[in-house]
Structure formats: structure tokens, C-alpha cells
Amino acid sequence: MDTHKFFEVATQSFEVLGVLAMVLGFVFAFFLAGRAWRRTNDGGRAFKTLRESLGGAILLGLELLVAADIVKTVTSTPSLTDAAVLGLIVLIRTVLSLSIQIEIEGVAPWKKALVTGPQVLARAARKPLPPEADPGR
């Protein structure tokens, strides 16, 4: 098998896996949401489960599609048009991925450490020690 054919098959495989991840993730997300609703009788919890699991499936699918586009562009005949198209596609998919991730987690990825790290340290510093662990007592 020549390399051109190999990379063409690899690109198509990434594309199929990306779409398959989104479709199967969609079905699985509704299954999880239905299960959450049945177990808790809480529509809000079921909706949150649906949103998080569907968002995760879409994120996975987008990442696989970006990988397909990168492989396709790297292995094709180089041209400025191909590079511009790849850049635009990756930019659009990256913005989609970031917005979905912010929607799921409620905080931007670059602010996540700023929001959680200091809060965790502050909580740990304010938390009193149990009486048996406090040497001053």
C-alpha cells in the first residue's frame, strides 16, 4: 500500500470516527439522561446529565474531525489555499469546542486553575483540624 492511499484511508477513518462518536454519543447521552431521570425523578438533574454527556460526545467528535483535517492537509500537495482552509476549519472547530467546554464546565479552561486552585487552598487553610490532630489542644 502506498503512503498516499494509507493517509487517505487514515483521513477517512478519522472522519468516520468523529461522526460516529457524535452519533453514538447522542444516543448514549439520551440513555444516561433517561436513567438519571428514572433514578432521581429530577428533570433538572436529567437535563444536566444530557447536556454534559452530549457536550462531551460533540467535543470528542470535533477533536477527531480536526485530526482528520490536519492529516488531510499535511499529506496533500501544499498550497496556500489548502492551508487557509485548514486554518479556518480548525479555528471554527476550536471556537465550537471551547464554547461547548465552557457551557459544560461553567468556566473557561484558562480560568479553571484560577477559580479552583486558590479556592481549594483557602478552604484548606480555613478548615479547622480535628481535635485529635491539633497538637495545641
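Owing to the predicted nature of the structure, the values given are computational and were not obtained by experimental measurement.
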Can you see which heavy atom on Val90 is nearest to which on Thr94, and at what distance?
-> O-OG1, 2.6 Å
Rounded distance [0.5 Å steps], CG in Leu65 versus CD in Glu63 = 9.5 Å
Salt bridge between Glu8 and Lys72, side-chain N to carboxylate O under 4.0 Å?
-> no
Under a 4.5 Å side-chain heavy-atom rule over Ile, Leu, Val, Met, Phe, Trp and Tyr, are Phe14 and Ile89 clustered together?
-> no
Considering non-hydrogen atoms only, spot the tightest contact between Met22 and Leu62 and give its length.
-> CE-N, 4.2 Å
From Leu98 CG over to Ile102 CD1, what is the distance, rounded to the nearest 0.5 angstrom?
-> 6.0 Å
What are the two closest non-hydrogen atoms of Gly25 and Ala57, and how far apart are they?
-> CA-CB, 3.4 Å
Between Phe28 and Leu60, is there a shared hydrophobic cluster once you connect ILVMFWY residues whose side-chain heavy atoms come closer than 4.5 Å?
-> no
What closest approach, in Å, do Gly55 and Ile100 show between heavy atoms, and which atom pair accounts for it?
-> O-CG2, 3.7 Å
Qualifying salt bridge (charged side-chain N to carboxylate O under 4.0 Å, His left out) pairs, either residue in residues 89-102, two or more places apart | Asp69-Arg93
Decide side chain to side chain contact (heavy atoms under 4.5 Å, CB included) for Thr49 and Arg45; before the verdict, give the C-alpha distance in whole Å, the side-chain angles of both, and the deciding distance to 0.1 Å.
-> CA-CA 6 Å; Thr49 301; Arg45 179 69 196 141; 3.9 Å; yes
State the CG-CZ distance between Asp2 and Phe7, to the nearest 0.5 angstrom.
-> 10.5 Å
Under 6.0 Å from the CG atom of Leu88, do we count more than 12 heavy atoms belonging to anything else shown?
-> yes
Going only through I, L, V, M, F, W and Y residues with side-chain contacts under 4.5 Å, is there a path from Phe6 to Leu17?
-> yes
With the 4.5 Å side-chain cut-off for hydrophobic clustering, are Leu32 and Leu54 part of the same group?
-> no
With sequence neighbours left out, what residues match Phe26 under ring-ring contact (aromatic ring centres under 6.0 Å, His included)?
-> Phe30
Sequence neighbours left out, what passes side-chain hydrogen bond (donor to acceptor under 3.5 Å, both in side chains) with Arg51? Give chain and number order.
-> Glu103
How far does CG of Leu86 sit from OG1 of Thr81, to the nearest 0.5 angstrom?
-> 12.5 Å
Nearest atoms (heavy-atom pairs only) where Ala21 meets Leu64 | CB-CD1, 4.3 Å
